[in-house]
Each structure stands twice: as C-alpha cells, then as structure tokens.
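Nothing here was measured: the structure is a model prediction, and the numbers come from that model. Letters A, B, ... mirror the listed sequences (proteins, then strands); counts begin at 1.
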Amino acid sequence: AQKITQTQPGMFVQEKEAVTLDCTYDTSDQSYGLFWYKQPSSGEMIFLIYQGSYDEQNATEGRYSLNFQKARKSANLVISASQLGDSAMYFCAMRDYYGNNRLAFGKGNQVVVIP
Amino acid sequence: DSGVTQTPKHLITATGQRVTLRCSPRSGDLSVYWYQQSLDQGLQFLIQYYNGEERAKGNILERFSAQQFPDLHSELNLSSLELGDSALYFCASSVAGGRGADTQYFGPGTRLTVL
C-alpha cells in the first residue's frame, strides 16, 4: 500500500521568502506519479504540480518546484517568493502509474505567510 | 476555477436521512472521482467512474452509492446518515482513466453536516 508522510508542524514564512514543504512516500511500485495540491481556507483543492517517477528533471510550475529524490523517496515542494495568497494547507499525493487510479494523500502541511 | 462544479456547496441534514451530491466534470473529462475529507481520516478516496462505468472503489461505505450518467455528470448518494458522515466531499475529474500523468482536478466540494 502507498503511504505519504507529511510531518512538519505549521510553518510561518515571511513574504517574499522561499519555503520548502517535506513529503516522503513509501511504495513498492517502480512507476508512480506524485502530486501537490493547495487547499486555502475557502476549502477548494487546487492542483499545483506533478512529477512522474521516471522524469529525469525536477518539475517546475511558475513559483512552484518539486525537489524529487527518488532514492530517498522524497518529493519536497519549494515555493519561491512567497505571497500572502500562498497561506494554505498543502497536500502531497501519489498514485501508482499503471494500476490503482486513486490518489493517496498525506495529512498536509500548514503554511502561513506573514507580511 | 478548475472547471469542475459541485452542488450544493453546503448541506445540513439529520441523522438517518438521505442526500444526493452532484458533480459536473470539466468539459472533455471522462473520469469522475469522489473523495471524503474529514478531520480524523484526512482525504480518502471513495470511488471512480470512467465514461459511465465504475472503475475503482475505495473506502466507500455500503450506505453510499454513486453513478455516472450518459452526460458524464455524477451523483453520490449517502443514506442512513450518521454524525460521522459529516465531512467535505470532493468530486474530481480527469481526462482519461487516471493512470500515468493524468491529473485530477477538484471541484469546490460539498460540506455535509449531519445533526
């Protein structure tokens, strides 16, 4: 079974600084996908970034980048130049590539950006 | 705005009652997924439909059922409601069957409160 671990306590980040959110995963699959979602206080789940297990480059989407270390089974999200609107819960999720279609989510990381 | 719509946004009902949650996927998406988010269980996958057929099943209770209609909208039916069913219910959609890089886009959710 897939397992996602996000154990950081809530984080306070100064506006314009970078923040790294930790995510480790456990799977016996060789092919899988990793996703990060953002959930602001309004409740919706917003897709941020995707990384495939066979992708050679770390994924980037605007201010979001994924620091993927396959051997360590970690997929940390880096948010550069934090903005007040980045205050939210951030969820790491994974799905195996060919079989199970469900996303397995971690418990989330809380980020509060302060001016 | 992800393009996935869910109605209603909020639902308050009593124990023992039955409710129906509705979801319209993004234009062109064939897969619909249902997730439940609660404080104690986190985000849990319930069920997936692909082009009208059930594709994957997760931790869905027997009191819950879902279907996907020919126009691809989906409904999640929750019956004999209990206090513990209070949660945020998300619908997500994706283009294909949910494998590989197929990304799930989430709707705004329906917040169910059972009194």
Side-chain angles (χ1 to χ4, degrees), chain A residues 1-7 23 25 27 29-61 64 66 68 75 88-110, chain B residues 1-6 8-11 23 26 29-51 53-60 87-113:
Chain A
Q2 299 160 339
K3 186 181 174 186
I4 302 286
T5 302
Q6 295 177 263
T7 55
C23 170
Y25 57 91
T27 181
D29 297 318
Q30 293 302 309
S31 302
Y32 49 88
L34 295 156
F35 301 79
W36 277 92
Y37 287 85
K38 170 185 176 182
Q39 186 175 36
S41 57
S42 51
E44 71 268 32
M45 292 285 287
I46 302 166
F47 166 71
L48 295 177
I49 196 165
Y50 165 80
Q51 176 85 44
S53 61
Y54 286 114
D55 292 343
E56 294 188 355
Q57 306 260 10
N58 284 341
T60 60
E61 286 286 350
Y64 303 107
L66 206 151
F68 179 49
M89 279 289 283
Y90 290 82
F91 291 92
C92 180
M94 78 176 294
R95 185 188 64 226
D96 69 61
Y97 213 73
Y98 296 111
N100 223 321
N101 300 331
R102 70 196 68 186
L103 287 174
F105 284 88
K107 298 285 187 191
N109 300 93
Q110 180 75 54
Chain B
D1 187 345
S2 67
V4 179
T5 60
Q6 288 187 249
K9 285 185 78 75
H10 301 277
L11 201 46
C23 167
R26 296 185 319 158
D29 284 0
L30 296 178
S31 273
V32 168
Y33 311 78
W34 288 96
Y35 290 85
Q36 179 194 58
Q37 185 179 32
S38 61
L39 280 173
D40 51 343
Q41 298 288 333
L43 270 154
Q44 299 275 317
F45 169 76
L46 296 179
I47 198 165
Q48 178 205 0
Y49 280 82
Y50 175 72
N51 205 19
E53 301 285 330
E54 183 183 304
R55 175 65 70 92
K57 213 166 187 175
N59 302 321
I60 188 166
L88 186 53
Y89 290 84
F90 284 109
C91 168
S93 73
S94 71
V95 171
R99 298 183 176 180
D102 195 35
T103 296
Q104 295 179 27
Y105 292 91
F106 282 69
T110 293
R111 184 167 296 281
L112 174 66
T113 303

Segment of [X] engaging chain A (4.5 angstrom heavy-atom cut-off):
{"X": "Gln37(B)", "result": "side chain"}
{"X": "Lys9(B)", "result": "neither"}
{"X": "Ser2(B)", "result": "neither"}

Requested in this report: Applying ring-ring contact (aromatic ring centres under 6.0 Å, His included), name anything that partners Tyr25(A), two or more places apart in sequence or on another chain.
Outcome: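 Tyr25(A): ring-ring contact (aromatic ring centres under 6.0 Å, His included) contacts with Tyr32(A).
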Query raised in the report: Does atom CZ of Arg26(B) have more than 12 heavy-atom neighbours from other groups under 6.0 Å away?
Result: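 Yes, because the 6.0 Å sphere around CZ of Arg26(B) holds more than 12 heavy atoms from other groups.
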Query raised in the report: Out of curiosity, Phe45(B) CZ to Tyr33(B) OH, how far, rounded to the nearest 0.5 Å?
Result: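 Between Phe45(B) CZ and Tyr33(B) OH, I get 8.0 Å after rounding to 0.5 Å.
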Query raised in the report: Residues in side chain to side chain contact (heavy atoms under 4.5 Å, CB included) with Thr5(A), at least two apart?
Result: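 Listed in chain order: Lys3(A), Thr7(A), Thr24(A).
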